[in-house]
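Report on the structure given below.
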Amino acid sequence: MTNLTQAFHQIFDTSEAPRRFFAPGRINLIGEHTDYNGGYVLPASISFGTYALARKRNDQKLRFYSLNASENGIIECDLDHLSYQKAHGWANYPKGMVQYMKQEGYAITSGADILFYGNIPNGAGLSSSASLELATGVLLEGLFNLEIDRLQLIQIGQKVENNYIGVNSGIMDQFAVGMGKTNHAILLNCQTLEYSYAPMHLQDYEIIIINTNKQRSLADSKYNERFAQCRQALQDLQKELSIQHLGELSTEQFEAAKHLITDPVNQKRAKHIVYENARTLEALEKLRNGDLHAFGQLMNASHLSLQSDYEVTGIELDTIAAAAWEQEGVIGARMTGAGFGGCAIAIVHQDAVRDFKHHLKQIYQDKIGYEPTFYTASIADGAKEVTEEEIK
C-alpha cells in the first residue's frame with residue numbers, strides 16, 4: 001500500500017500532518033434482505049475498509065481525492081454547493097455526509113482536503129459505500145471537534161444512501177460499520193435498533209471471503225424490485241394482520257396467513273424474509289453456545305432460501321456455495337450482501353484453507369470462465385480515528 005501520509009502531502013501540496021481515520025467494511029453472517037423488512041441481521045465489521053486522511057482548510061472549499069480513482073483527480077466543491085452531481089461519481093458519498101451533517105446542525109465551519117484509500121474490492125457487496133460514508137462521518141467528527149451520538153451518525157449515513165444516492169437499503173451496513181467490535185458479531189433488530197454483541201469464537205476456523213468478481217451495482221440491480229415486492233406482500237397481509245413489517249411474523253404466523261398474499265412470487269419473497277429472520281435468531285443462540293457447526297448449517301439453509309425463494313444469487317454465487325459445501329473442513333457457506341454477484345463467505349478449518357481455495361478456484365474457473373478472489377477476514381472494530389502505525 002502506498003504511504004498514505006506521503007500521498008496526502010504530494011496530492012494536496014502541503015507539509016501539514018493530516019488526521020487519520022478508518023471505517024471497516026462488513027460481512028453479514030446471516031439475515032439477508034431482512035434489514036429493510038424490520039427483521040434481524042447478524043453482521044460483523046471486517047479488517048478491510050476505507051482510510052481517510054484530512055486537514056482543515058482556511059476557506060470554504062472541499063477537495064476530495066481517492067487513490068482508488070486517481071484518474072478522476074481532485075474533485076472540488078464548495079461548502080455551500082453540496083448538491084448531488086453525477087459527474088462527481090464516488091465523491092457524492094462524502095459530499096452527502098457533509099450536507100446532511102450540516103443540515104442536522106453540526107458546525108462544519110471550513111473546507112477540508114480529504115484523501116481516501118479503500119482496500120475493499122469495489123462492487124463486491126462488502127459495503128464499500130457505508131464504509132466511505134462512516135469514514136467521512138468520523139473524520140468530520142474529529143476534524144471539527146463535534147460530539148455526535150454514534151447512532152445518529154449511522155442514521156445520517158443511511159439517509160445519504162437512501163435520499164442523496166437513491167438506494168432503498170436498510171440500516172444494517174452503516175450500523176455494522178459504525179458499531180463493529182473485534183471478534184464479535186452484532187445482532188441488530190432493524191425495526192427497533194436494539195442490538196447485542198455475539199462472541200465469534202472461531203477456534204481453529206477462519207472466515208474466508210470469496211469474491212465472484214462479477215460486478216454489481218445496487219442502484220442498478222433488482223434490489224429495489226425486491227424492496228417493492230416485499231412492500232406489496234406486506235400490504236396484502238395487512239388486510240387482516242396488524243403488522244408494520246414482515247419481520248414481525250413468526251414462521252407459524254406466516255404459514256397461517258400466507259394465502260393473503262395474492263401474487264405467488266411475492267409470497268416466496270415474504271417466505272424468505274420470515275424464515276431467514278427465524279434462522280438469524282437461532283444463529284445467535286448457536287454462537288453464544290459456541291456451536292459453530294450448527295451455525296454453519298444455518299448459513300447453508302440461508303443460501304438455499306436466497307437462491308430459491310428470494311432469487312438473488314445467480315450462477316456465480318451458487319457455483320461457489322455448492323462447491324464450498326463439498327470441500328473438506330467447511331462447516332458453512334453462503335452468499336453475503338445483496339447478491340446478484342458480489343461475495344460469498346465460508347467458515348473453513350485452518351488446515352483446509354489451502355486445498356479449499358485450490359479446489360474452488362478450479363471448479364469456478366471451469367464453470368464461469370474466470371477465477372474468484374479470496375480474502376481472509378478478521379473481525380475488527382467499527383469506524384474510528386487511527387494512528388499512522390495502525391494504517392496497514
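Just so it is clear, the structure is predicted and the values come from calculations on it, not from any experiment.
Counting all heavy atoms, side chain and backbone alike, Ala333 lies closest to Asn300 at N-OD1, 2.9 Å. Across every non-hydrogen atom of His272 and Ser305, the tightest pair is ND1-OG, 2.6 Å. Across Asp35 and Tyr223, no two heavy atoms sit closer than the pair OD1-OH, 4.4 Å. Shortest non-hydrogen contact noted between Val41 and Thr34 is CG1-OG1, 3.3 Å. In terms of heavy-atom proximity, Tyr310 sits nearest to Cys230 at OH-SG, 3.0 Å. The minimum heavy-atom distance linking Lys286 with Ala294 is given by the pair CD-CB, 3.6 Å.
Under the 3.5 Å distance criterion, with hydrogens and angles disregarded, a donor-acceptor pair is assigned to the side chains of Thr313 and Asp318. For the residue pair Tyr106 and Gln152, a side-chain donor N or O sits within less than 3.5 Å of a side-chain acceptor on the partner. Glu390 and Thr387 share a donor-acceptor pair across their side chains, judged by distance under 3.5 Å alone. Between the side chains of Glu371 and Thr373, not a single donor N or O lies within less than 3.5 Å of an accepting N or O. No side-chain donor-acceptor contact under 3.5 Å links Thr14 and Glu16. Checking Arg279 against Ser302 by side-chain atom types alone, no donor-acceptor pair falls below 3.5 Å. Residues Glu255 and Tyr275 bring a donor and an acceptor atom of their side chains to less than 3.5 Å of each other. For Glu388 and Thr5, the side-chain atoms include at least one donor-acceptor pair closer than 3.5 Å.
Between the side chain of Asn289 and the main chain of Asp291, no donor-acceptor pair closer than 3.5 Å is present. The main-chain N or O of Leu304 is found under 3.5 Å from a side-chain atom of Ser308 such that the two form a donor-acceptor pair. Side-chain atoms of Asn37 never come within 3.5 Å of backbone atoms of His245 as a donor-acceptor pair (strictly under, hydrogens ignored). No donor-acceptor distance shorter than 3.5 angstrom exists from the side chain of Lys95 to the backbone of Cys77, with no hydrogens or angles considered. Judged purely by atom type and a 3.5 angstrom limit, Gln60 uses its side chain to pair as donor or acceptor with the backbone of Thr109. Formation of a donor-acceptor pair under 3.5 Å by the Asp149 side chain with backbone atoms of Leu151 is found in this model. Side chain of Tyr364 to backbone of Thr319: no donor-acceptor contact under 3.5 angstrom is found. Between the side chain of Thr336 and the backbone N or O of Asn28, at least one donor-acceptor pair lies under 3.5 Å. Side-chain atoms of Gln267 never come within 3.5 Å of backbone atoms of Thr262 as a donor-acceptor pair (strictly under, hydrogens ignored). Proximity of a side-chain donor or acceptor of Arg334 to a complementary backbone N or O of Leu29 within less than 3.5 Å is detected.
Other residues, nucleotides and ligands place more than 12 heavy atoms under 6.0 Å from the CZ atom of Arg150. The 12-atom threshold is not exceeded at CD of Glu147, counting heavy atoms of other residues, nucleotides or ligands nearer than 6.0 Å. Heavy atoms from other residues, nucleotides or ligands lying under 6.0 Å from CG of Asp80 number more than 12.
Between Asp355 and Glu328, every side-chain heavy-atom pair lies at or beyond the 4.5 Å cut-off. Two residues are said to be in side-chain contact when any heavy atoms from C-beta on lie closer than 4.5 Å; Asn162 and Ser169 meet this criterion. For the pair Phe144 and Lys56, the minimum side-chain heavy-atom distance is below 4.5 Å. Using a 4.5 Å heavy-atom threshold, the side chains of Asp78 and Asp59 count as separate. Here the side chains of Glu385 and Arg19 are in contact, with some heavy-atom distance below 4.5 Å. At a threshold of 4.5 Å between non-hydrogen side-chain atoms, the residues Glu248 and Leu234 do not count as touching. No side-chain heavy atom of His81 sits under 4.5 Å from any side-chain heavy atom of Leu62. A 4.5 Å side-chain heavy-atom check between Ile207 and Met200 finds at least one atom pair inside the cut-off.
The CD1 atom of Ile114 sits 12.0 Å away from the CD1 atom of Ile75 when rounded to the nearest 0.5 Å. We find the CG-CG distance between Leu187 and Leu284 to be 5.0 Å, quoted to the nearest 0.5 Å. Between the NZ atom in Lys258 and the NZ atom in Lys268 there is a gap of 12.5 Å [rounded to 0.5 Å]. With values rounded to the nearest 0.5 angstrom, Leu287 atom CG is found 4.5 Å from Phe295 atom CZ. Between atom CD1 of residue Ile347 and atom CD1 of residue Ile208 there is a gap of 10.5 Å, rounded to the nearest 0.5 Å. Taking CG from Leu298 and CG from Leu281, the interatomic distance works out to 11.0 Å, rounded to the nearest 0.5 Å.
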Task: Gln244/Gln191 under side chain to side chain donor-acceptor pair (under 3.5 Å): CA gap, chis, key distance, verdict - done: CA-CA 9 Å; Gln244 298 302 309; Gln191 189 177 341; over 6 Å; no
TODO: Take Ile273 and Phe254 through the test side chain to side chain contact (heavy atoms under 4.5 Å, CB included) and record every step on the way to the result.
DONE: CA-CA 10 Å; Ile273 300 304; Phe254 172 75; over 6 Å; no
- [ ] Any chance you could lay out the side chain to side chain contact (heavy atoms under 4.5 Å, CB included) test for Ser45 and Val177, step after step, and finish with the verdict?
- [x] CA-CA 6 Å; Ser45 49; Val177 170; 5.9 Å; no
TODO: Decide yes or no on side chain to side chain contact (heavy atoms under 4.5 Å, CB included) for Val312 and Met335, but give the supporting numbers first.
DONE: CA-CA 9 Å; Val312 292; Met335 60 156 271; 4.0 Å; yes
Open item on the list: Assess the residue pair His303 and Trp325 against the criterion (side chain to side chain contact (heavy atoms under 4.5 Å, CB included)); give the C-alpha distance rounded to whole Å, side-chain angles, the decisive distance to 0.1 Å, and a yes or no.
Closed with: CA-CA 11 Å; His303 185 92; Trp325 295 334; 4.0 Å; yes
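Salt bridge Arg288/Glu285: absent, no basic N to carboxylate O contact under 4.0 Å. The pair Lys222-Glu311 fails the salt-bridge criterion, with no side-chain N (NZ, NE, NH1 or NH2) lying under 4.0 Å from an Asp/Glu carboxylate O.
Cation-pi geometry between Lys181 and Tyr197 is met: the NZ or CZ atom falls under 6.0 Å from the ring centre, inside 45° of the normal.
The aromatic rings of Tyr164 and Tyr84 lie perpendicular to each other, with more than 60° between the two planes, well past the 30° mark.
By the criterion of side-chain heavy atoms lying less than 4.5 angstrom apart, applied directly or through intervening Ile, Leu, Val, Met, Phe, Trp or Tyr residues, Val274 is grouped together with Leu237 in one hydrophobic cluster. Linking ILVMFWY residues whenever their side-chain heavy atoms come closer than 4.5 Å, directly or via other members, leaves Ile345 and Val353 in distinct clusters. By the criterion of side-chain heavy atoms lying less than 4.5 angstrom apart, applied directly or through intervening Ile, Leu, Val, Met, Phe, Trp or Tyr residues, Ile261 is not grouped with Val265; the two fall into different hydrophobic clusters.
For the pairing with Phe116, the ring-ring contact (aromatic ring centres under 6.0 Å, His included) check across Trp90, Tyr51, Tyr65 returns one residue only, Trp90. Looking at Tyr117, Phe22, Tyr375 one by one, the single match for ring-ring contact (aromatic ring centres under 6.0 Å, His included) with Phe48 turns out to be Tyr375. Checking Gln365, Gln327, Glu326 one by one against Leu360, the side chain to side chain contact (heavy atoms under 4.5 Å, CB included) holds for a single residue, Gln327.
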